[in-house]
Visitor: 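I am attaching a structure below and will ask some questions about it afterwards.
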Amino acid sequence: MMAVPPKRPPQFGDYQNAIYFAGLNGVLPGVPVDFATLEARAAAALPPATLTYLQGGCGDEHTQRHNADAFAHWGMTPRMMVDCSRRDLSVELFGMTLPTPLFMSPVGINGICTQDGHGDLAAARAAAITGVPLCQSTLSNDPLEDVAAQLGETPGFFQLYTPKNDALTESLVCRAEAAGYKAIVVTLDTWVTGWRPRDLNAANFPQLRGHVLANYFSDPVFRGLLDRTPEEDKAAAVQQWSGVFGKVLTWADMPWLRSLTKLPLVLKGICHPDDARRAIDAGADAIYCSNHGGRQANGGIAAIDMLPAVVAASGRTPVLFDSGIRSGTDMVKALALGATAVGVGRPYAYGLALGGAEGAAHVLKCLLAEADLLMAVNGYPTIADVRAAGAERQSR
């Protein structure tokens, strides 16, 4: 009797087979699989004010464009005659084994990317569907506890915009710990908002209109600063928020930040190797190399071009990365340059706009499928193989 070969375990690249076989029954993807079409469809679906804030960058947006374009300057060399019939995309981070290196970057406007105003909950459900962790922004249309409850078994990280009020900072971090988030990600470059012409020309700043402030309005410390509750006087609560947002952090604040939590502490916005070394010496558990997607400062170097030096300076400390990720290929290149985990922002937000949780999950599945298939074709069965292969800077 002929032996039956063992069934190959599912791979992320199999998602393309599901799409092709659905096509045999006339079913096409409801959300595009490529970034250009995805962006165009989302632009047609989103309200102009939301689209402006989501798409806009700082100044003439050169850095924002350069972040994405710079990936084309990096190339990888395929290796043949390697058995890649099984790929392993798992990584170790914060004491956890994650199925892939992909995570959802914090997007403060998620809440209003869905028609029901609960885009943060939808993003968390997309994380639960795919196993891709969500880094949840402080700016949210739903309280951080409600978002965490939608994550299921998928871990979440809490991104902190540090308020000027230290007691409020401590309350937010304490709430995140209690809700089950697995790390605190402190954003360093947004104590003041960068010059964003798209928003300025429309005189549009969602927070001043009362959007995405649920974490503040639900916080007991913040509510204690008010004469009347946000439900009674929303305008006064927004005014209080505008006065408390944005503590200027310096290295002298690191002992205080470190004392706030036993969770892994991640510093987001590190782009210089000296800053990476200093952060690690001061107690950071991970470095997050990012220039905020070009939204906060213009005229800078593409984030992917700064990544190798930050990785080299960080030694054994994990380095998270985002800014400019538009495809699974971009994700693999960032891993080849040393990133431990790679964040994606606008693409999944566009997925939210077009299909809620399922739309965002589809975008994440497409990114993972492309990355998985690239590894298969290029002869990289594991993330370790991707890193060993590396990427080379091309002159053209």
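Computed over heavy atoms, backbone and side chain alike; hydrogens, waters and symmetry mates excluded.
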Visitor: What is the distance from atom OG of S140 to atom NE2 of H118, rounded to the nearest 0.5 Å?
Guide: 10.5 Å
Visitor: Which heavy atom of L54 sits nearest a heavy atom of V107, and at what distance?
Guide: CD1-CG1, 4.2 Å
Visitor: Name all residues meeting the side-chain contact (heavy atoms from CB on, under 4.5 Å) criterion together with S137; count only those two or more places apart in sequence or in a different chain, and write none if there are none.
Guide: P106, L139, Q159, Y161
Visitor: Could you verify whether a donor N or O on one side chain and an acceptor N or O on the other, from H292 and S323, lie under 3.5 Å apart?
Guide: no
Visitor: Out of the candidates V173, T169, L260, L249, only one should pair with V186 under the side chain to side chain contact (heavy atoms under 4.5 Å, CB included) rule; please name it.
Guide: L249
Visitor: Cation-pi check for W256 against K247: NZ or CZ below 6.0 Å from the six-membered ring centre and within 45 degrees of the axis, yes or no?
Guide: yes
Visitor: Give the minimum heavy-atom separation between Y15 and C366, together with the two atoms involved.
Guide: CE2-SG, 3.9 Å
Visitor: Grab the two heavy atoms, one from T114 and one from G356, that are nearest each other, plus how far apart they are.
Guide: CG2-CA, 4.2 Å
Visitor: What's the shortest heavy-atom distance between A43 and Q55, and which atoms?
Guide: CB-NE2, 4.3 Å
Visitor: What about L89 and L367, same hydrophobic cluster or not, with Ile/Leu/Val/Met/Phe/Trp/Tyr joined at side-chain heavy-atom distances under 4.5 Å?
Guide: yes
Visitor: Supply the atom-to-atom distance Q16 CD to E370 CD, rounded to the nearest 0.5 angstrom.
Guide: 10.5 Å
Visitor: If a pair satisfies side chain to side chain donor-acceptor pair (under 3.5 Å) and one of its residues is in residues 259-268, list it, with sequence neighbours excluded.
Guide: E177-T261
Visitor: Step through the shown structure and confirm whether more than 12 heavy atoms of other residues, nucleotides or ligands are within 6.0 Å of CD on E231.
Guide: yes
Visitor: Is the cationic atom of R295 (NZ for Lys, CZ for Arg) positioned less than 6.0 Å from the six-membered ring centroid of Y53 and within 45 degrees of its normal?
Guide: yes
Visitor: Evaluate S105 against D322 for side chain to side chain donor-acceptor pair (under 3.5 Å), listing each step before the verdict.
Guide: CA-CA 7 Å; S105 296; D322 75 14; 2.9 Å; yes
Visitor: Rounded to the nearest 0.5 Å, how far apart are CE of M331 and CD1 of I325?
Guide: 8.5 Å
Visitor: Sort out for me which residue in T187, D285, L188 forms a side chain to side chain contact (heavy atoms under 4.5 Å, CB included) with L267.
Guide: L188
Visitor: Say you draw a straight line from CG of L151 to CZ of F157; how long is it, rounded to the nearest 0.5 Å?
Guide: 10.0 Å
Visitor: Once rounded to the nearest 0.5 Å, what's the spacing between atom CZ of R65 and atom CG of N298?
Guide: 8.0 Å
Visitor: As an exercise, state the distance from CZ of R277 to CD1 of I287, rounded to the nearest 0.5 Å.
Guide: 11.0 Å
